[in-house]
Amino acid sequence: MRFRDHLLAAAVTGLALYPRAPQRAALMALGGVALDIDHFLLYALRSGDWRPSGALRYDRRRHRPPRRGDTRPRYGSLRSVAHQPLATLPLAWLAALCWPALRPFVAGITMHLALDLHLPDHDWRVRRRAQERCERCGVAGLPLTVHYIVHPHRGGNRWSAGNRALWCSLCAREAYESRAERYA
Ligand SMILES: [Zn+2]
Ligand SMILES: [Zn+2]
């Protein structure tokens, strides 16, 4: 999810949860974007570009499908162990238990991780249909993820299982590239 959307979602939720405590609302907004430091550091390390403005520009670009002839590099999901809910959340909530003042901040972090979840990956309709095989090449035993066949940004249905498919990473890239060609 984009930095801007994380900030917006956490700020709005903070104001709704703490309408009479602007400091706590602000703390929640801060927590909502704290994990973006993770994305920024990984971006900077991989690209060698340490300007926050460069990172924000990349954040905008990476959510659009690549155009033909666009050779600018892409850096994957940019998530370190801090983005693993099972690593971060127990620690964060333990801290919140000991220091109640931290609670809005931890709520913001929790929200960031929830928003980063790629929900289609947990679509049991697709998983059951595919039976843990890639629905394009039939391979089993590789990590498989759920992809949109026609992306909602291109008018595909966001919720129907018919517009989702379980693919291995190789097939996902091939499909992605052939689509990029078609739309170029
Ligand atoms: Zn994130
Ligand atoms: Zn495959």
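These numbers come from the heavy atoms of this one structure, side chains and all, not from hydrogens, waters or symmetry mates. Atoms within each ligand, like the ligands themselves, are counted from 1 in listed order.
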Just how far is it from atom [atom1] of [X] to atom [atom2] of [Y], taken to the nearest 0.5 Å?
X: Leu89; Y: Leu113; atom1: CG; atom2: CG; answer: 5.0 Å
X: Trp124; Y: Arg129; atom1: CH2; atom2: CZ; answer: 11.5 Å
X: Tyr43; Y: Tyr75; atom1: OH; atom2: OH; answer: 5.5 Å

Would His6 and Asp36 count as having a side-chain donor-acceptor pair, cut-off 3.5 Å?
no
Flag for His147-Thr145: side-chain donor and acceptor within less than 3.5 Å:
yes
Angle subtended at the Zn ion (ligand 1) by His39 NE2 and Asp116 OD2, rounded to 10 degrees:
130°
Examine all N, O or S atoms of His112, backbone included, and report whether one is under 2.8 Å from the Zn ion (ligand 1).
yes
Show all protein N/O/S atoms under 2.8 Å from the Zn ion (ligand 2), or state that there are none.
Cys134 SG, Cys137 SG, Cys168 SG, Cys171 SG
Step-by-step side-chain contact (heavy atoms from CB on, under 4.5 Å) determination, Arg79 to Leu35:
CA-CA 9 Å; Arg79 289 173 193 187; Leu35 280 176; over 6 Å; no
Measuring only between side-chain heavy atoms, which start at C-beta, is Asp59 closer than 4.5 Å to Phe40?
no
